[in-house]
A.B. asks: 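Structure in structure tokens, see below.
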Amino acid sequence: MATKVLDSWALLAFFEDEPAAEEVEKLLAKADRGRHKLLLCVVNWGEVYYNTMRKVSQEAAEQKAKEMAIMPIELVPVESDLHLVRQAAFYKASGKLAYADAFAAALAKLRNAELVTGDHDFKQVEDEVKIGWLK
């Protein structure tokens, strides 16, 4: 079974009904049917939460948290995974990515998974991480 890592960009596009929302919806449906596994780093979960809180409200952020909780997405913690944290720190220190983005890229690299995003900042790690580009 293929594994894919979602960046917060993908989930925000889905929640905000942007052009990539349909592609994300298809990924979620396929994951629900067991066609592939979807991962989300808790740091990127937090990015969805704070983005929604900042743009809309805390109540809206809580609603998104409830919606994400029932999606076929496995949350990946960072609390004791120093390999994940070290790889993210490397991406951040090398100036390639913002810190939250660095966690999505690090998770994809370490799990040998495809990173699903539309955020063009990830072009900087395309030689190290397979990217599934959303439009």
A.B. asks: Check the hydrophobic clustering (I, L, V, M, F, W, Y; side-chain heavy atoms under 4.5 Å; chains of links allowed) and say if Y50 and W9 are grouped together.
C.D. replies: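 Different clusters.
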
A.B. asks: Do L40 and M71 come within less than 4.5 Å of each other through their side chains, counting heavy atoms only?
C.D. replies: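 Not in contact.
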
A.B. asks: Identify which one of T117, D119, V24 satisfies the side chain to side chain contact (heavy atoms under 4.5 Å, CB included) criterion when paired with L134.
C.D. replies: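 Exactly one option meets the side chain to side chain contact (heavy atoms under 4.5 Å, CB included) with L134, and it is V24.
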
A.B. asks: Looking at N44 and E47, would you say the former's side chain and the latter's main chain have a donor-acceptor pair under 3.5 Å?
C.D. replies: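 No: the side chain of N44 does not pair with the backbone of E47.
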
A.B. asks: Heavy atoms only: give me the nearest D121-L97 pair and the separation to one decimal.
C.D. replies: O-CD2, 3.4 Å

A.B. asks: Mark yes or no for whether S94, through its side chain, and F90, through its backbone, hold a donor-acceptor pair below 3.5 Å.
C.D. replies: yes

A.B. asks: Within the structure provided, determine whether M68 and F15 are in side-chain contact (heavy-atom separation under 4.5 Å).
C.D. replies: yes

A.B. asks: Could you give me the CA-CA distance, side-chain angles and deciding distance for V76 and F103, then say whether side chain to side chain contact (heavy atoms under 4.5 Å, CB included) is met?
C.D. replies: CA-CA 10 Å; V76 178; F103 276 93; over 6 Å; no

A.B. asks: With a 4.5 Å limit on heavy-atom distance, are the side chains of Y49 and M53 in contact?
C.D. replies: yes

A.B. asks: So, H36 side chain and L27 main chain: donor-acceptor pair closer than 3.5 Å or not?
C.D. replies: yes

A.B. asks: Do E128 and Y91 have side-chain N/O donor and acceptor atoms under 3.5 Å apart?
C.D. replies: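 Yes, because at least one side-chain N or O of E128 sits under 3.5 Å from a partner of the opposite role on Y91.
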
A.B. asks: So do the side chains of V5 and C41 get within less than 4.5 Å of each other, counting heavy atoms only?
C.D. replies: no

A.B. asks: Once you round to the nearest 0.5 Å, how far does CG of L28 lie from CG of L6?
C.D. replies: 6.5 Å

A.B. asks: Could you state whether V56 and W45 fall into the same hydrophobic cluster, counting links through intermediate Ile, Leu, Val, Met, Phe, Trp or Tyr residues with side-chain heavy atoms under 4.5 angstrom apart?
C.D. replies: no

A.B. asks: Looking at every heavy atom in both A105 and V125, which two are closest together, and how far apart are they?
C.D. replies: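 Reported closest heavy-atom pair: CB-CG2, 4.3 Å.
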
A.B. asks: What heavy-atom pair brings A88 and A106 nearest, and what distance separates the two atoms?
C.D. replies: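 Nearest pair, atom of A88 first, then A106: N-CB, 3.5 Å.
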
A.B. asks: Is there a donor-acceptor pair under 3.5 Å between the side chain of E114 and the backbone N or O of K4?
C.D. replies: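 Flag not set: sc E114 to bb K4 has no pair under 3.5 Å.
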
A.B. asks: Going from CZ on R35 to NZ on K30, what distance comes out if it is rounded to the nearest 0.5 angstrom?
C.D. replies: 5.5 Å

A.B. asks: Are the side chains of H83 and L110 in contact, using a 4.5 Å heavy-atom criterion?
C.D. replies: yes

A.B. asks: Is it true that, when you exclude K130 itself, more than 12 heavy atoms of the residues, nucleotides or ligands shown sit nearer than 6.0 Å to its NZ?
C.D. replies: no

A.B. asks: To the nearest 0.5 Å, how far apart are CG in L115 and CG in D7?
C.D. replies: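 Answer for the CG-CG pair, L115 versus D7, is 6.0 Å.
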
A.B. asks: Mind listing the closest non-hydrogen atom pair of L107 and L84 along with its distance?
C.D. replies: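 Result for this residue pair: N-CD1, 3.4 Å.
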
A.B. asks: Any side-chain donor-acceptor pair under 3.5 Å between E23 and W133?
C.D. replies: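 Their side chains do not contain a donor-acceptor pair, so the 3.5 Å distance test is not met.
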
A.B. asks: Would you mind reporting whether L39 and I73 have side-chain heavy atoms less than 4.5 Å apart?
C.D. replies: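 In short, these two side chains do not touch, never coming nearer than 4.5 Å.
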
A.B. asks: Which heavy atom of V129 sits nearest to which heavy atom of A108, and what is that distance?
C.D. replies: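 So the two residues come closest at CG1-CB, 3.7 Å.
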
A.B. asks: Below 4.5 Å, heavy atoms only, C-beta onward: do V48 and L12 meet side chain to side chain?
C.D. replies: yes

A.B. asks: Nearest heavy-atom pair of A21 and A13: which atoms, and what distance?
C.D. replies: CB-O, 3.5 Å

A.B. asks: Within the 4.5 Å heavy-atom criterion, are K64 and L11 side-chain neighbours or not?
C.D. replies: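 Result no, sub-4.5 Å side-chain heavy-atom pair not found.
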
A.B. asks: Check this for me, if you would: do K66 and E62 make a salt bridge, where the nitrogen-to-carboxylate-oxygen distance has to be below 4.0 angstrom?
C.D. replies: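 A salt bridge is absent here (no side-chain N lies under 4.0 Å from a carboxylate O).
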
A.B. asks: When you look at CD of E16, are more than 12 heavy atoms from neighbouring residues, nucleotides or ligands closer to it than 6.0 Å?
C.D. replies: yes

